[in-house]
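Worth saying up front: this structure is predicted, and the values here are computed from it rather than measured.
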There are 2 protein chains.
Amino acid sequence: MTLRLDTVFAALADPTRRAILTMLLEDDMAVTDVAAPFEMSLAAISKHLGILAEAGLISREKRGRVIWCKLEPDALRGASVWMQGFGQFEPVDLDAFERFLEGELAEVQEEGPEER
Amino acid sequence: MTLRLDTVFAALADPTRRAILTMLLEDDMAVTDVAAPFEMSLAAISKHLGILAEAGLISREKRGRVIWCKLEPDALRGASVWMQGFGQFEPVDLDAFERFLEGELAEVQEEGPEER
DNA sequence: GGCATATTCAACCATCCGGTTGACGATCCG
DNA sequence: CGGATCGTCAACCGGATGGTTGAATATGCC
C-alpha cells in the first residue's frame, strides 16, 4: 500500500513518463508509436513503460508482434486521495487542465521531451 | 512548471518524507521533534526536510535556535490538478482518509518509519 | 566566558536511475 | 525460407539519491 504510493509517485516524477501518460490519455498506443516523438532510444522508452506498468499506471497487451499500451487511471486514485487529504482544493478546473494538456502534448510532439 | 511537478512528485515518492508531511498536518514542528520518531540520523531528516522545502511542500522559519517546519499544502495543488485530469475520481472520502492517516501516524510513532 | 542544544555542512559510501549500445527472440510477410 | 519489423534484454556508464559520521555554526543558558 505504501509501496504502491512509492512506485506511483516515483513513476510520476519523470517528465518523459508523465508525457507518455498524457499521450495515452488520447488513445491506446503501440510501444513504437509511444517512442516516436521522443529523442531517446526505443529501449529507454521500453524501460519507462516498464516502470509505468510496475506502478500499475498502464497495462500492456501483446497482439501479434505489437504491444499495446493502455492507460490505467485507477492506479492514480490512491495517490490522488492521499494528496487531497492535505488541502481542500477547489474543484478541479477541467478546462484549464485541458489547455495545460494541449500545451504539454504540443511540446512533446514538436520538440521532443522537454529538457530539465 | 514541469520542474515543479518533477520535484513535488519526487519528494512524495519517499515514505519518510510522506510521513513527515503527515506529521506536519497535525501541527508545526521543530526539526529535532520531526526527527524523533525515525530511526535514522538527524542529518538524514534534515536532508529530507531540505528536499520537501525545495519542492515547496514545507517552509522553515528560524526562531531562536529552533527551526520550525510548516506544511505548505498549496504546493500540492498543481500535482493534484494534474492527477485529477486522468480520471473522474469520486469525491474524496475524508473520513476514510482520516482513518488512513491515523494508521500511518501510528506506524511511524510506534515502530519508526516503515521498511521498504 | 563556557557549556549544552539545535541544525547544517562536508565527505564518503552503496545503491538506484536514466540513458546508451548491441544482441536477441518473436512475429509478419513476400 | 529469409528478411524486415517490434520489442526486450544485458551490460555498461555517469550522475542522482538516501544514508552514515564527524566537524562546524549558531543560539540559549548559567
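- Put simply, CD on B/Glu39 is 15 Å from C1' on D/dG18, counting in whole angstrom units.
- The nearest pair of heavy atoms linking B/Ala35 to B/Leu42 is CB-CD1, 3.5 Å.
- Put simply, the side chain of A/Arg4 never gets that close to the backbone of A/Ala79: no donor and acceptor are under 3.5 Å apart.
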Give every pair of a protein N or O atom and an N or O atom of nucleotides 15-17 of chain C that lie under 3.5 Å apart, one pair per line with the distance.
none

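- Within the structure, every side-chain polar atom (N or O) of B/Ser41 is placed at least 4.0 Å from both OP1 and OP2 of D/dG19.
- Atom pair B/Asp6:CG and D/dT17:P shows a separation of 10 Å (rounding to whole Å applied).
- Atom CD of A/Gln84 and atom CE of B/Met83 lie 8.5 Å apart (nearest 0.5 Å).
- The CG atom of A/Leu71 lies 7.5 Å from the CG atom of A/Leu76; values are rounded to the nearest 0.5 Å.
- Contact detail for B/Ile20 and B/His48: the closest heavy-atom pair is CD1-CB, 4.1 Å.
- Residues A/Gly56 and A/Glu72 share a closest heavy-atom pair of O-CB, 3.3 Å.
- Criterion: ILVMFWY side-chain heavy atoms under 4.5 Å apart, direct or through other members. Under it, A/Val66 and A/Val34 are not part of a common hydrophobic cluster.
- Following rounding to the nearest Å, A/Trp68 (CH2) and D/dG7 (C1') show an atom-to-atom distance of 14 Å.
- Of the listed residues (A/Leu49, A/Leu52, A/Asp28), just one forms a side-chain contact (heavy atoms from CB on, under 4.5 Å) with A/Cys69, and that residue is A/Leu49.
- Side chains of B/Thr7 and B/Glu54: no donor on one and acceptor on the other come within 3.5 Å.
- Across all their heavy atoms, B/Asp33 and B/Met23 have their closest contact at O-CE, 4.3 Å.
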Per-nt protein contacts along nucleotides 24-30 of chain D (heavy atom under 4.0 Å; B base, S backbone sugar-phosphate only, - none) come out as --SBS--
Sub-3.5 Å pairs of nitrogen or oxygen atoms, protein against nucleotides 8-11 of chain D:
from	atom 1	to	atom 2	distance (Å)
D/dT8	OP1	A/Arg60	NH1	3.2
D/dT8	OP2	A/Ser46	OG	2.4
D/dT8	O5'	A/Ser46	OG	3.4

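- Between B/Phe38 atom CZ and C/dT7 atom P the separation is 15 Å, expressed in whole Å.
- Taking every heavy atom of both residues into account, B/Ala55 and B/Ala75 meet most closely at O-CB, 4.0 Å.
- Whole-Å rounding puts the B/Met40 CE to D/dT17 C1' distance at 13 Å.
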